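Since the model is a prediction, treat every value here as computed from it, not as a measurement. Along the sequence shown, residues carry numbers from 1. Atoms considered below: every heavy atom in the structure, side chains included; atoms not considered: hydrogens, waters and symmetry mates.
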Amino acid sequence: MFPVKCKAILKLMNDEVLEIGFASYSAQDQYLDFTAQFVPILQINSEVKVICSENGVSTHIFTGNVYLSSSKLLRVVSLKCAFLHGAEKVLAAHIPFEAQVYVPAFKHQFLVNKLIYRWEQCCIKAISMSGAAIECPEIIGEYDDKLTIKISDPIFSKPTELHLHTGEKGLMFGNHTKYKYKIGKINKRCEAELSSFIRKANIALLGNVEMIDEQMLYR
């Protein structure tokens with residue numbers, strides 16, 4: 001199900017606001033549920049619009065017909081969806097893929113431990129324009145506030161290094177630790193390719209719903 005739950009506004013097709021609440025979408029069953037403290041009762045088969053948002057930014061607009069209407073839940077079917085321009089700036093791509101991370105490690109020599117850096121495999125669990133969640137072997141505590149990762153496929157057209165900093169402290173999962181980092185400044189090419197990847201990943205999660213251009217909603 002995507003999104004599991006997000007803030008949403010329920011509107012009539014003439015953009016009259018009916019209620020502010022939450023929406024969840026089932027890609028498998030092709031319906032959207034809108035919930036709120038009180039959901040207005042609407043006529044079955046009437047057409048409505050649901051605007052989903054993330055961090056205060058509108059990301060999706062669903063339109064469809066009312067299938068079920070109660071004071072607790074409104075279910076909408078026969079859906080169409082517009083994925084809004086700029087949505088990729090606030091959404092993350094939750095598609096795990098392999099990458100490399102440049103990590104510090106101690107090399108044991110006679111009577112001394114020498115600190116060296118080396119590339120190791122890691123898994124990017126999620127990535128957005130501003131941050132990344134990484135799963136990798138545990139990093140030495142005093143060196144885990146800054147990292148460099150190297151990614152090519154499926155995001156970049158050529159191997160690309162991203163500099164990460166000051167994220168959340170790691171949580172252990174088996175032999176690996178999951179870290180959350182912020183992404184430092186990136187160039188225009190990286191920005192465009194990362195933005196395109198996030199957009200495609202989020203559209204893919206919508207399944208077979210009919211996609212429409214957002215301009216069609218304002219005619």
Side-chain angles (χ1 to χ4, degrees), residues 1-11 15 17-27 31-36 48-64 76 79-97 99 123-135 147 149 151 153-157 160-169 171 178-218:
M1 182 174 286
F2 172 82
V4 175
K5 195 173 186 180
C6 66
K7 292 183 178 180
I9 301 173
L10 176 65
K11 291 184 176 184
D15 278 332
V17 175
L18 297 179
E19 188 57 78
I20 297 174
F22 298 91
S24 59
Y25 166 69
S26 172
Y31 66 76
L32 180 140
D33 285 344
F34 177 86
T35 57
V48 294
K49 183 186 296 186
V50 179
I51 296 90
C52 300
S53 65
E54 182 76 20
N55 296 325
V57 177
S58 296
T59 58
H60 307 69
I61 297 180
F62 288 92
T63 63
V76 186
L79 294 170
K80 296 180 182 179
C81 178
F83 189 85
L84 301 183
H85 177 72
E88 59 274 14
K89 294 180 181 179
V90 294
L91 294 173
H94 294 272
I95 301 179
F97 59 90
C123 180
I124 308 299
K125 307 296 287 186
I127 192 165
S128 69
M129 297 300 294
S130 59
I134 305 170
E135 191 175 272
L147 276 186
I149 56 175
I151 302 171
D153 293 335
I155 298 180
F156 300 117
S157 56
T160 299
E161 293 184 9
L162 297 181
H163 301 291
L164 313 178
H165 60 89
T166 317
E168 296 180 14
K169 291 299 180 182
L171 295 173
K178 187 175 180 181
Y179 298 88
K180 290 184 179 179
Y181 285 94
K182 297 177 182 178
I183 296 175
K185 188 175 181 180
I186 58 178
N187 62 38
K188 294 291 185 181
R189 175 190 65 82
C190 294
E191 188 176 80
E193 291 182 341
L194 178 55
S195 175
S196 176
F197 174 75
I198 294 168
R199 185 177 185 88
K200 289 176 182 176
N202 279 279
I203 290 175
L205 289 176
L206 293 168
N208 294 322
V209 68
E210 182 181 347
M211 301 299 298
I212 60 174
D213 190 287
E214 63 183 282
Q215 296 304 317
M216 293 179 63
L217 299 170
Y218 307 115

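Heavy-atom minimum distance, Ser128 versus Leu91: CB-O, 3.6 Å. The shortest non-hydrogen separation linking Ala93 to Phe197 is CB-CE2, 3.6 Å. Contact between Thr160 and Cys190 at its shortest, heavy atoms only, is CG2-SG, 3.3 Å. Considering every non-hydrogen atom in both Ser195 and Glu88, the closest pair reads OG-CG, 3.0 Å. Closest approach of Phe97 to Ile155, counting heavy atoms only: CZ-CD1, 3.5 Å. Considering all non-hydrogen atoms of both residues, Ile149 and Ile151 come closest at CD1-CD1, 3.8 Å.
Within the 4.5 Å cutoff, side-chain heavy atoms of Asn202 are placed close to those of Phe83. Annotation: side chain of Phe34 is not in contact with side chain of Val48 (no heavy-atom distance under 4.5 Å). Contact check for Ile61 versus Val50: no side-chain heavy atoms found under the 4.5 Å cut-off. Residues Met129 and Glu191 form a side-chain contact, since some pair of their non-hydrogen atoms from C-beta on lies under 4.5 Å apart. Counting heavy atoms from C-beta on, the side chains of Leu194 and Ile198 come closer than 4.5 Å. Using a 4.5 Å heavy-atom cutoff, the side chains of Tyr179 and Leu147 are not in contact.
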Inset, instruction - Quick one: do His94 and Leu205 satisfy side chain to side chain contact (heavy atoms under 4.5 Å, CB included)? Show the steps, please. - result: CA-CA 10 Å; His94 294 272; Leu205 289 176; 5.6 Å; no
Legend entry - Residue pair Lys11, Ile51: steps toward the side chain to side chain contact (heavy atoms under 4.5 Å, CB included) verdict: CA-CA 8 Å; Lys11 291 184 176 184; Ile51 296 90; 3.5 Å; yes
Inset, instruction - Go through the steps for Lys7 and Phe22 under the test side chain to side chain contact (heavy atoms under 4.5 Å, CB included), then give the verdict. - result: CA-CA 4 Å; Lys7 292 183 178 180; Phe22 298 91; 3.9 Å; yes
Legend entry - side chain to side chain contact (heavy atoms under 4.5 Å, CB included) evaluation trace for Val57 with Lys89: CA-CA 9 Å; Val57 177; Lys89 294 180 181 179; over 6 Å; no
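Heavy atoms of other residues, nucleotides or ligands lying less than 6.0 angstrom from CG of Asp213 number more than 12.
Note that CZ of Phe156 and CG of Leu162 are 4.5 Å apart. Values are rounded to the nearest 0.5 Å. Atom SG of residue Cys81 and atom OH of residue Tyr25 lie 7.0 Å apart, to the nearest 0.5 angstrom. Going from atom CG of Leu18 over to atom CG of Leu10 covers 4.5 Å, rounded to the nearest 0.5 Å. Rounded to the nearest 0.5 angstrom, Ile203 CD1 and Met211 CE are separated by 5.0 Å. Residue His85 holds its NE2 atom at 10.5 Å from CD of Gln215, rounded to the nearest 0.5 Å.
In this structure a side-chain-to-backbone donor-acceptor pair under 3.5 Å is missing from Glu135 to Lys125. The closest donor-acceptor contact from the side chain of Tyr181 to the backbone of Ile134 lies at 3.5 Å or more, if one exists at all. Without hydrogens or angle criteria, Ser53 side chain to Gly56 main chain gives no donor-acceptor distance under 3.5 Å.
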